[in-house]
Amino acid sequence: MEETRELAIFRGDDDPSLVAAALACRTCLSGDVDWALDVDDFDGQVECRCRNCGYVRTVSLTSEQTLRLSLQRE
Ligand SMILES: [Zn+2]
């Protein structure tokens, strides 16, 4: 089952709430999402797992977005 890769929709200098919204669950729209950053040489991707409904999706990131998420990691 091939899944179409999504592109994240935030900029590197966006507000944290916009970054969180970009990673929110697209099924139940919950912002309560566990995410794991996977960094490649040039860009990266983030796997988002919804704590509410369990939906998992992988979102492609530009290098700028990857850097932003690596800085935001708790
Ligand atoms: Zn969900």
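For the numbers below, each heavy atom of this structure counts, side chains included, while hydrogens, waters and symmetry mates do not. Position 1 is the first residue of the sequence, and the numbers go up from there. Nothing here was measured: the structure is a model prediction, and the numbers come from that model.
Two residues are said to be in side-chain contact when any heavy atoms from C-beta on lie closer than 4.5 Å; C25 and C48 fail this criterion. The shortest side-chain heavy-atom distance between R11 and Q65 does not fall under the 4.5 Å cut-off. Residues R68 and V19 have side chains in contact (heavy-atom distance under 4.5 Å, counting atoms from C-beta outward). Here the side chains of C50 and C28 are in contact, with some heavy-atom distance below 4.5 Å. Looking only at side-chain heavy atoms (C-beta outward), L69 and W35 come within less than 4.5 Å of each other. At least one side-chain heavy atom of S70 sits less than 4.5 Å from a side-chain heavy atom of L37.
Under the side chain to side chain contact (heavy atoms under 4.5 Å, CB included) rule, V46 has a single partner from D38, L61, T66, V33, which is L61.
Closest approach of S63 and D43 over heavy atoms only: N-CB, 3.9 Å. The two atoms that bring A24 and G31 nearest to each other are CB-CA, 4.1 Å, heavy atoms only.
Within 6.0 Å of atom CG in L18, more than 12 heavy atoms from other residues, nucleotides or ligands are found, so the atom counts as buried in its surroundings.
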Would V59 and Q45 satisfy side-chain contact (heavy atoms from CB on, under 4.5 Å), going step by step from the backbone distance to the final call?
CA-CA 6 Å; V59 182; Q45 59 191 38; over 6 Å; no
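A donor-acceptor contact closer than 3.5 angstrom is absent between the side chains of R49 and Y55. Counting only N and O atoms by type, the side chains of D15 and S17 include a donor and acceptor under 3.5 Å apart.
A distance of 11.5 Å separates CD of E47 from CZ of R57, quoted to the nearest 0.5 Å. Taken to the nearest 0.5 Å, the CD atom of E64 stands 8.5 Å off from the CG atom of D14.
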